[in-house]
Peer 1: 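Sharing a structure here in structure tokens format.
Throughout, a chain's letter reflects where its sequence line sits, starting with A, and its residues are numbered from 1.
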Amino acid sequence: MSSTDLTGDQKEFGEYVRRWLTKNAPPPPPERLPITPIEVMTIGQRDYLQAWQRKCYVAGLVGADYPKAYGGHGNTGFQRIANQEMNRAGVPFLINIVGLSMAAPTILQHGTEEQKRKFIPGCLSGDEIWCQGFSEPGAGSDLANQRTSAVRDGDEWIINGHKVWTSLGHFAKWMILVTRTDKTHKYDGLTYFLCPIAGHPGVRVRPLVKITGETGFNEVFFEDVRIPDAYRLDDVGKGWAVAMTTLLAERGASEGAGSGGGGGASAIEQLIDLAKSSWRNGVLAADDPVTRDAIMRRAIVAEGLRQNAKRARVPALCDHPMRLPLQQKLTASEFQQDNARLGVEIAGAHSTLYKRDPRAPHAGYWPLAYLNSYGNTIAAGTNEIQRNILGERVLGLAKSK
Amino acid sequence: MTTTKTAPRDFGFGEDEAMLRDTARKMLSERLPLEKLRTLVAEAPEPVYDKGERAPWDKQLWAEIVAMGWTGLAAGEAEGGSGVSLAGITGMVEEVGRHALPSPLIPTLMASLVLRQAGGAVASQILARIAGGATASLAITNDRGSWEPEDAPLIASDVAGELVLHGDARFVQDAFKADVLVASARLGDKIVLCAVETGAKGLSLEADHIHDLTRDQASAHFVGVRVGAEAIVSRDAELVLEGVWPSLLVLVSADLCGASERLLQTTVDYAKERVQFDRPIGFFQAVKHPLVNAMVEIDRARSLLYYAAAEIDAGSGKAEIAARMAKSAASDAAAFISDRAIQLHGGIGFTWEYGLHIYFKRNLHNQAFLGDGVHQRKKLAELLIGPLSTSPNLDR
């Protein structure tokens, strides 16, 4: 992005963030970090990342555009700058991804004053880790097919059910939870709660192991779990609309409360670097015209994503206001996946070497990233669902359900 | 060149640029709706495809376009043009593509950009003529299909200050609509640029038989064409052509983006109306998802298109990379939506009378013109990865 896109305040803030990140880059982690926040496995990783998020938060890099009353820093148009700079600096990612990109924006839009004051500060500082309770064994792409029930009992609700694919569930203090409160209406029978998890009676978190061999996500069982009505977000029966707010935020349609880090050398630079050091059947991959073409395809997509983000802010060059924002989740997740797969191809025989092999290119990153990439093409609404949404909401085609 | 400047805000696409684009869209949608375009260029296949006639174009509409000043967009104000930014021209050319306008507008703009890049009195005079309504085209492609500046199609010899041109320039766009050809020729170890009247003695045009119905194309045969000092644009033009190349790629990419968006919308409309198995076919994911994929590709091309235009306007060192990315993305997006548009329309899209083929062929022509995606990516790899076989790390 060119600096002329920014106001004077934004430029000044960008310079501040750059300076701050140079001075405050954290020490190397005590143990290898996973690729993204949704795979944090160990207490050592968590403690290191939580300390980093708190530091960024105190410095104003997280919650930059959130109101001061809710723990934010009260600015406008600063978060985007901070996100970009954190990506560029190659610093660790922010661990509280569900809190920042899902819980906080949803509570900000649907919460009571009391809820905003109680819940948002912990999302921003990272002191309170959040997880998401949307998916169930029988409710994946058909998200409204929720079975987990919430039954009212005076000033309390009693929750029973089973949630799956719960990233960070093993460290979470809170969950954004969609439940069924009325069996007679599929969409209007849902209600949204902010549910305590860690140490709460009746809640059981069981780790699931991914195709990478890593843990990091979980299933969560609710057995007669009692929570106060004060933890209900928005009205009874409004759960679907609230969940849509969450999903829109998650899919990257807004700047959020903070994201970034985990970037480092650009994906394309990494691929070029790999091609210049990968011998396949005695030939350097960087000298293979087919590989060169494949890397340039990725470079074009990378630049296209950057320029899409820029064009999305020029109304005169956007035919439909949601056309570019709604592509974000689809294009970003497929970009990562295609890059990782190409990295595996480029590494040739060396791509067989996994994380612990000392000869593995980039410490086994490529096969790990490729295996892991399916997390993002499936999560937050599979990319098939994303294509339905784009086809229906942007192109106006008939609904596929 | 390392004088990298910062590209302007919002790609330099402000109110003036939007107004030019919107005026073009309104004018062309009124004056050249699809029905009229079809009647104009595709009443029947025989005249063009069997009898070898050139596809017709609307000269009255052209007169209006000239009157609106579009031909002078790339000429400076000193030459009577409007000196609009490339971002502004790009917006207008997208509309030209969207309406598949048959006209010498794009070749004239391309020749103008070359002249503007060359600078000097001769270029200035021709630009003034173009601003006044003259048409032009580039004759810079040789017999082997190379448009690399050093592979000029013609040979020049210097005879007492005049140049004499010999050779065959191939793939000259809308040559039969052009008043002037801006031709490149080799003179010793230099490349020269000349402005040659299409009626000049010793110059003959031989029409190519092409599938695209929205243009003509020719081989220009030069047999001892004499060019006086008043028509020698540059005697050292290799850097001129290299420098202007990103702009030429942007114009073709803009045409491709406009035409591709039109194909997308046309096919989306059809998928909403056409009912099979009791449902509009857009209900089915085998129809819906490819259209979304096409949208994603078109959006990528369009973002890269305006990025490239802005970088060129800023005189940035990234102009060539950006423009080659745009042309690669636009060519591939066009190939994909052209393919899906015909396929998803089913039988009707395959007919002559329905007219989708007009866009399909224009896109197919433009994909190849100045290099398809594979070609652009080969050039990009040289810029971003480095030349073949000289990569570092040869020590295993």
Side-chain angles (χ1 to χ4, degrees), chain A residues 2-6 268-269 271-272 275-279 282 284-289 291-297 299-301 303-319 323-324 327 330-331 334 384 386-392 394-401, chain B residues 6-11 13-15 17-18 21 91 261 264-265 268 271-272 279-285 287-289 291-293 295-296 299-304 306-307 310 314 321-322 324-326 328-329 332 373-374 376-378 380-382 384-386 388-389 391-394 396:
Chain A
S2 64
S3 55
T4 47
D5 277 331
L6 307 177
I268 305 310
E269 284 165 22
L271 285 168
I272 292 174
K276 286 184 171 176
S277 56
S278 290
W279 293 91
L284 204 53
D287 282 338
D288 170 35
T291 300
R292 290 162 71 88
D293 185 82
I295 298 173
M296 289 306 101
R297 283 177 188 273
I300 291 166
V301 175
E303 192 61 61
L305 288 173
R306 273 194 290 275
Q307 300 306 325
N308 272 350
K310 223 163 112 184
R311 183 160 67 85
R313 296 194 295 275
V314 186
L317 292 175
C318 295
D319 300 329
R323 182 164 157 167
L324 287 170
Q327 290 177 30
L330 173 73
T331 51
E334 293 190 349
E384 289 66 35
Q386 301 302 319
R387 289 188 165 86
N388 283 353
I389 292 169
L390 284 158
E392 292 156 21
V394 176
L395 296 179
L397 297 168
K399 289 199 166 198
S400 294
K401 61 158 199 222
Chain B
T6 313
R9 189 184 166 82
D10 294 346
F11 305 107
F13 199 89
E15 276 179 32
E17 290 75 15
R21 187 261 322 266
E261 179 69 24
L264 172 66
Q265 295 305 334
V268 164
K272 289 177 188 171
R279 295 182 184 279
I281 60 170
F283 164 88
F284 300 105
Q285 288 164 331
V287 173
K288 180 180 290 174
H289 289 189
L291 289 172
V292 169
N293 292 345
M295 171 174 76
V296 168
D299 276 326
R300 175 185 307 142
R302 208 161 168 240
S303 296
L304 290 168
Y306 283 94
Y307 165 58
I321 289 172
R324 292 199 185 279
M325 285 183 167
S328 171
D332 290 357
V374 172
Q376 305 306 337
R377 291 192 295 274
K378 187 174 167 218
L380 281 169
E382 286 163 18
L384 297 176
I385 301 177
L388 279 171
S389 298
S391 313
N393 288 324
L394 288 172
R396 308 197 200 190

Peer 1: In terms of heavy-atom proximity below 4.5 Å to chain B, should A/Ala299 be classed as side chain, backbone, both, or neither?
Peer 2: both

Peer 1: So for A/Leu305, is it side chain, backbone, both, or neither that comes closer than 4.5 Å to the heavy atoms of chain B?
Peer 2: neither

Peer 1: Can any side-chain N or O of B/Lys288 pair as donor or acceptor with the backbone N or O of A/Leu390 at less than 3.5 Å?
Peer 2: no

Peer 1: How many angstroms lie between atom CG of B/Leu388 and atom CG of A/Asp288, to the nearest 0.5 angstrom?
Peer 2: 9.0 Å

Peer 1: Using the test side-chain hydrogen bond (donor to acceptor under 3.5 Å, both in side chains), find all partners of B/Arg21 that sit at least two apart in sequence or belong to another chain.
Peer 2: none

Peer 1: Measuring from A/Arg306:CZ to B/Ser303:OG, what's the distance to the nearest 0.5 Å?
Peer 2: 12.5 Å

Peer 1: Tell me, side chain or backbone of B/Gln265 under 4.5 Å from chain A's heavy atoms, or both, or neither?
Peer 2: side chain

Peer 1: Measure the CE-CD1 distance between B/Met325 and A/Ile300 for me, rounded to the nearest 0.5 Å.
Peer 2: 5.5 Å

Peer 1: Under the rule for side-chain hydrogen bond (donor to acceptor under 3.5 Å, both in side chains), what residues qualify as partners of B/Arg300, not counting sequence neighbours?
Peer 2: none

Peer 1: Check each atom of B/Leu264 against the heavy atoms of chain A and say whether the ones under 4.5 Å are side chain, backbone, both or neither.
Peer 2: side chain

Peer 1: Is it the side chain or the backbone of A/Thr331 that comes within 4.5 Å of chain B heavy atoms, both, or neither?
Peer 2: side chain

Peer 1: Is it the backbone or the side chain of A/Leu395 that comes under 4.5 Å from a heavy atom of chain B, or both, or neither?
Peer 2: both

Peer 1: Checking A/Gln327 against chain B: side chain, backbone, both or neither under 4.5 Å from a heavy atom?
Peer 2: side chain

Peer 1: Please check if the side chain of B/Lys378 supplies one atom and the backbone of A/Arg292 the other of a donor-acceptor pair under 3.5 Å.
Peer 2: no

Peer 1: Given heavy-atom pairs under 4.5 angstrom as the criterion, report whether the side chain, backbone, both or neither of A/Glu384 touches chain B.
Peer 2: both

Peer 1: Taking every non-hydrogen pair under 4.5 Å, which of B/Arg324, B/Arg302, B/His289 racks up the most with chain A?
Peer 2: B/His289

Peer 1: Could you tell me whether a side-chain N or O of A/Arg311 sits under 3.5 Å from a main-chain N or O of B/Asp299, the two making a donor and an acceptor?
Peer 2: yes

Peer 1: To check you understand the geometry: which heavy-atom pair defines the closest contact between B/Phe13 and A/Val314, and what is its length?
Peer 2: O-CG1, 4.3 Å

Peer 1: Looking only at non-hydrogen atoms, find the nearest pair between B/Gly282 and A/Leu397 and report the distance.
Peer 2: O-CB, 3.9 Å

Peer 1: Contact part of A/Leu271 toward chain B, heavy-atom cut-off under 4.5 Å: side chain, backbone, both or neither?
Peer 2: neither

Peer 1: Before you tell me yes or no, could you show the steps for B/Asn293 and A/Arg387 under side chain to side chain contact (heavy atoms under 4.5 Å, CB included), namely the whole-Å CA-CA distance, both residues' side-chain angles and the distance that decides it to 0.1 Å?
Peer 2: CA-CA 8 Å; B/Asn293 292 345; A/Arg387 289 188 165 86; 2.6 Å; yes

Peer 1: Does the pair A/Gln307 and B/Tyr306 meet the rule for a side chain to side chain contact (heavy atoms under 4.5 Å, CB included), with working shown?
Peer 2: CA-CA 9 Å; A/Gln307 300 306 325; B/Tyr306 283 94; over 6 Å; no

Peer 1: Which region of A/Val301, side chain (C-beta onward) or backbone (N, CA, C, O), has a non-hydrogen atom less than 4.5 Å from a non-hydrogen atom of chain B, or is it both or neither?
Peer 2: both

Peer 1: Heavy-atom pairs under 4.5 Å with chain B are the metric here; pick the option from A/Met296, A/Glu392, A/Gln386, A/Lys399 that has the most.
Peer 2: A/Met296

Peer 1: Just so I understand: if I count every heavy-atom pair under 4.5 Å between each of B/Val296, B/Leu291, B/Ile321 and chain A, which residue has the most?
Peer 2: B/Val296

Peer 1: Are there more than 12 heavy atoms of other residues, nucleotides or ligands under 6.0 Å from atom NZ of B/Lys272?
Peer 2: yes

Peer 1: Between A/Ile295 and chain B, with a heavy-atom cut-off of 4.5 Å, which part of the residue counts as in contact: side chain, backbone, both or neither?
Peer 2: side chain

Peer 1: For the residue pair B/Ile385 and A/Ala286, what are the closest heavy atoms and their distance?
Peer 2: CG2-CB, 4.3 Å

Peer 1: Is it the side chain or the backbone of B/Glu261 that comes within 4.5 Å of chain A heavy atoms, both, or neither?
Peer 2: side chain

